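Below is one structure; the comments refer to it alone.
All values reported here derive from a predicted model rather than from experimental measurement.
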Amino acid sequence: MEPLRMNMLSDRALRVEFGTTISAQTNQWIRAFCWKLEKKKYGGIKEWVPAYTAVTLYYDPANLSLQELEQLVYAACASIENDNMPAPSSVTIPVCYGGEFGPDLERVAEHNQLTVEQVVWLHTEGEYLIYMMGFMPGFPYLGGLNEKIATPRLATPRSHVPAGSVGIANAQTGIYPLESPGGWNLIGRTPESLFQPEKEDPVILEAGTVLRFKAISKQEYWEMEKQKEGAHESNDRS
């Protein structure tokens, strides 16, 4: 593992850097570190937020000094490469590609000199690692997009991107969990709700999870939407 670098972000936040490049190996170290924090439950550490190459620790300075926190970090990383950590969880996200759900699918195909069917195949064939969660609740930043379908962002972002939209921006792919503006190329949409604020744990994805996409038909999409609406109505009545 590369030498650790630690930087204070505030009097209650410490950033621990595990490397300088975005890679599966760096993410493995970050996942192992977070797993150890969860397992050991160090007193004074209130929360940790993993990113591409670093983890930010939020702590209570009344119960844990900076020096003590740094010692805990070094102790947690001492055997990080040899820890018997559980295998990453996996999830499959259904996506209806093209048409009203993926208005930029043909643009992605044309940019890469591929057919629409080839783009869908390459997108669903891949296995994606969730490196981090941002810029809104439930948005996964995924690594592993096939370079054959990498496509520049839109020159002019849309003011309205529907929740569940699956997009490509340069060498990344991701899913919009909420309706928002956005400049990614929209190639499809999932009926899955990635952010459910009414639940105790509102975000269904997390960093370190392996994600795959599964192509579904338009009929399957609307059937899943109806099932989701029925479940919401049932919960409202209970």
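- Looking at L145 and Q172, their side chains never come closer than 4.5 Å, going by heavy atoms from C-beta outward.
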message: Does T151 form a side-chain hydrogen bond (donor to acceptor under 3.5 Å, both in side chains) with N170? I'd like the steps, not just the answer.
response: CA-CA 5 Å; T151 307; N170 300 316; over 6 Å; no
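- Linking ILVMFWY side-chain heavy atoms closer than 4.5 Å, directly or via other members, places L186 and F101 in two distinct hydrophobic clusters.
- Heavy-atom neighbours of E110 CD from other residues, nucleotides or ligands within 6.0 Å: at or below the threshold of 12.
- Remark: K228 engages E225 in a salt bridge, criterion side-chain N to carboxylate O under 4.0 Å.
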task: Check the pair V95 / I216 against side-chain contact (heavy atoms from CB on, under 4.5 Å), numbers first and verdict last.
output: CA-CA 6 Å; V95 179; I216 61 173; 5.7 Å; no
For residues 119-127, which side-chain donor-acceptor pairs fall under 3.5 Å, sequence neighbours excluded?
| unit_1 | atom_1 | unit_2 | atom_2 | d |
| --- | --- | --- | --- | --- |
| H123 | ND1 | Y97 | OH | 2.8 |
| H123 | NE2 | T173 | OG1 | 3.0 |
| T124 | OG1 | V120 | O | 2.9 |
| T124 | OG1 | W121 | O | 3.2 |

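- Note on ring orientation: taking the six-membered ring where Trp is involved, the planes of F139 and Y176 are perpendicular (angle over 60°, cut-offs 30° and 60°).
- Atom NZ of K46 and atom CG of N63 lie 9.0 Å apart (nearest 0.5 Å).
- Put simply, the side chain of Y74 does not reach to within 4.5 Å of the side chain of Q71, judged on heavy atoms.
- Here the side chains of P94 and P191 are in contact, with some heavy-atom distance below 4.5 Å.
- In terms of heavy-atom proximity, P50 sits nearest to M132 at O-CB, 3.9 Å.
- In the hydrophobic clustering of this structure, I175 does not group with M224; members are Ile, Leu, Val, Met, Phe, Trp, Tyr whose side-chain heavy atoms approach within less than 4.5 Å, directly or through other members.
- For the side-chain contact (heavy atoms from CB on, under 4.5 Å) criterion with T53, the lone passing option out of T21, V16, N27, T26 is T26.
- In this structure, E100 does not pair ionically with R189, as no charged nitrogen and carboxylate oxygen lie closer than 4.0 Å.
- With respect to R15 and E17, a salt bridge is recorded, a charged nitrogen being found less than 4.0 Å from a carboxylate O.
- For the pair E68 (side chain) and S65 (backbone), a donor-acceptor distance under 3.5 Å is present.
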message: Checking N185 against R107 for the side-chain hydrogen bond (donor to acceptor under 3.5 Å, both in side chains) test, could you report, in this order, the C-alpha distance in whole Å, the side-chain angles of both residues, the deciding distance, and whether it holds?
response: CA-CA 8 Å; N185 299 278; R107 177 177 184 270; 2.2 Å; yes
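- Remark: R5 CZ is loosely packed, at most 12 non-hydrogen atoms of other residues, nucleotides or ligands lying under 6.0 Å away.
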query: What's the verdict on side-chain hydrogen bond (donor to acceptor under 3.5 Å, both in side chains) for E223 and Q227, showing C-alpha distance, side-chain angles and the deciding distance?
result: CA-CA 6 Å; E223 287 176 352; Q227 291 174 2; 5.8 Å; no
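- Taking 4.5 Å as the limit, some side-chain heavy atom of F18 sits within range of a side-chain heavy atom of V55.
- Under the 4.5 Å side-chain criterion, counting only non-hydrogen atoms from C-beta, M6 is in contact with V73.
- The heavy-atom pair separating L205 from P140 by the smallest distance is CD1-CG, 3.8 Å.
- Side-chain atoms of D60 come within 3.5 Å of backbone atoms of A62 as a donor-acceptor pair (strictly under, hydrogens ignored).
- Residues P157 and P181 are not in side-chain contact: their nearest non-hydrogen atoms beyond the backbone lie 4.5 Å or more apart.
- Summarising the geometry of R31 relative to P88, their closest heavy-atom pair is NH2-CD, 3.3 Å, with the distance given to 0.1 Å.
- Between C34 and W48 the shortest heavy-atom distance is SG-CD1, 3.6 Å.
- Taking both residues in full, the closest heavy atoms of G138 and P177 are given as C-CG, 3.6 Å, listed atom of the first, atom of the second, then distance.
- In the hydrophobic cluster analysis, where Ile, Leu, Val, Met, Phe, Trp and Tyr join through side-chain heavy atoms closer than 4.5 angstrom, L4 is grouped together with I45.
- For the atom pair OG (S90) and OH (Y128), the distance works out to 15.0 Å, reported to the nearest 0.5 Å.
- Under the 3.5 Å distance criterion, with hydrogens and angles disregarded, a donor-acceptor pair is assigned to the side chains of T209 and S89.
- One distance of note links OG1 of T56 with CG of L14; it measures 8.0 Å at 0.5 Å rounding.
- With hydrophobic clusters built from ILVMFWY side chains whose heavy atoms lie under 4.5 angstrom apart, I30 does not share a cluster with L9.
- With respect to R158 and D104, a salt bridge is recorded, a charged nitrogen being found less than 4.0 Å from a carboxylate O.
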- request: Take Y42 and K36, measure what side-chain contact (heavy atoms from CB on, under 4.5 Å) needs, and give me the verdict at the end.
  value: CA-CA 9 Å; Y42 295 107; K36 183 162 285 188; 4.2 Å; yes
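- Looking only at side-chain heavy atoms (C-beta outward), H111 and P152 come within less than 4.5 Å of each other.
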- prompt: Checking side-chain contact (heavy atoms from CB on, under 4.5 Å) for the pair I204/Q196: CA distance, chi angles, key distance, verdict?
  reply: CA-CA 8 Å; I204 70 169; Q196 304 173 38; 3.7 Å; yes
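- Distance alone, capped at 3.5 Å, is enough to place a donor-acceptor pair between the T190 side chain and the E192 backbone.
- Once rounded to the nearest 0.5 Å, the distance linking CG of L142 with CG of L211 reads 5.5 Å.
- At most 12 heavy atoms of other shown residues, nucleotides or ligands fall within 6.0 angstrom of atom CD in E106.
- Taking the side chain as every heavy atom from C-beta outward, M133 and Y141 never approach each other to under 4.5 Å.
- A chain of hydrophobic side-chain contacts below 4.5 Å, direct or via other Ile, Leu, Val, Met, Phe, Trp or Tyr residues, connects L72 to L37.
- Taking the ring centroids of Y131 and Y52, they lie under the 6.0 Å cut-off.
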- request: Please assess L194 against V203 for the test side-chain contact (heavy atoms from CB on, under 4.5 Å), listing each intermediate value before the final yes or no.
  value: CA-CA 6 Å; L194 273 61; V203 178; over 6 Å; no
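- Here the CG-CZ distance, from L57 to F33, works out to 5.0 Å after rounding to the nearest 0.5 Å.
- For the atom pair CH2 of W222 and SG of C96, the computed distance is 9.0 Å after rounding to the nearest 0.5 Å.
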